[in-house]
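Below you'll find the structure, written out as structure tokens, and then a few comments.
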Amino acid sequence: MSSVVKDKIKIYQAVISSPGMAEKCKIGIHMSRQTIFILCRIIESGLKSEKEGENELLTLLSKEAQEEVQTVVAEFLRKSDLTDFYEKLKSL
């Protein structure tokens with residue numbers, strides 16, 4: 001791992017451990033189903049790359065934080081009525 005990457009990781013570690021960052025926030029957003037679909041796919045791809053060791057930044061996420069992100073993806077899909085459609089497309 002290069003020193004630049006290590007420095008970036010240290011900065012992100014400092015940011016995510018700063019006071020107030022663990023507090024829960026309620027976010028109300030409106031976006032198209034297209035955007036929700038793509039966003040969920042991007043998030044899942046990112047989490048998969050962390051498991052394969054491709055993204056050093058995501059290694060900073062605790063198991064609980066990773067589960068919370070996966071819950072957010074599921075909630076986005078549920079609220080946009082895309083859950084079944086999304087799963088069927090993923091299986092192709």
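Once rounded to the nearest 0.5 Å, the distance linking CD of E75 with CD1 of I36 reads 11.0 Å. L60 contributes atom CG, which lies 10.5 Å from atom CD of Q66 (distance to the nearest 0.5 angstrom). Expressed to the nearest 0.5 Å, how far CD of E44 lies from CG of L39 amounts to 10.5 Å. If you take OG1 on T71 and CD on E67, they are separated by 7.0 Å, rounding to the nearest 0.5 Å. Atom CD of Q70 is separated from atom SG of C40 by 12.0 Å, given to the nearest 0.5 angstrom.
Considering only heavy atoms from C-beta on, I29 comes within 4.5 Å of F76 through its side chain. Counting only heavy atoms from C-beta outward, the side chains of R41 and L89 never approach each other to under 4.5 Å.
By the criterion of side-chain heavy atoms lying less than 4.5 angstrom apart, applied directly or through intervening Ile, Leu, Val, Met, Phe, Trp or Tyr residues, I27 is grouped together with V73 in one hydrophobic cluster.
Nearest heavy-atom pair, V15 versus S18, reported as atom, atom and distance to 0.1 Å: O-OG, 2.7 Å. Listed here is the closest heavy atom pair of T35 and M31: CG2-SD, 3.5 Å.
By the 6.0 Å contact criterion, CD on E87 is enclosed, its count of non-hydrogen atoms from other residues, nucleotides or ligands being greater than 12.
Between F85 and F37, the ring planes lie tilted relative to each other; the angle falls in the 30° to 60° range.
For R33 (side chain) and L82 (main-chain N/O), no donor-acceptor pair under 3.5 Å exists by modelled atom type.
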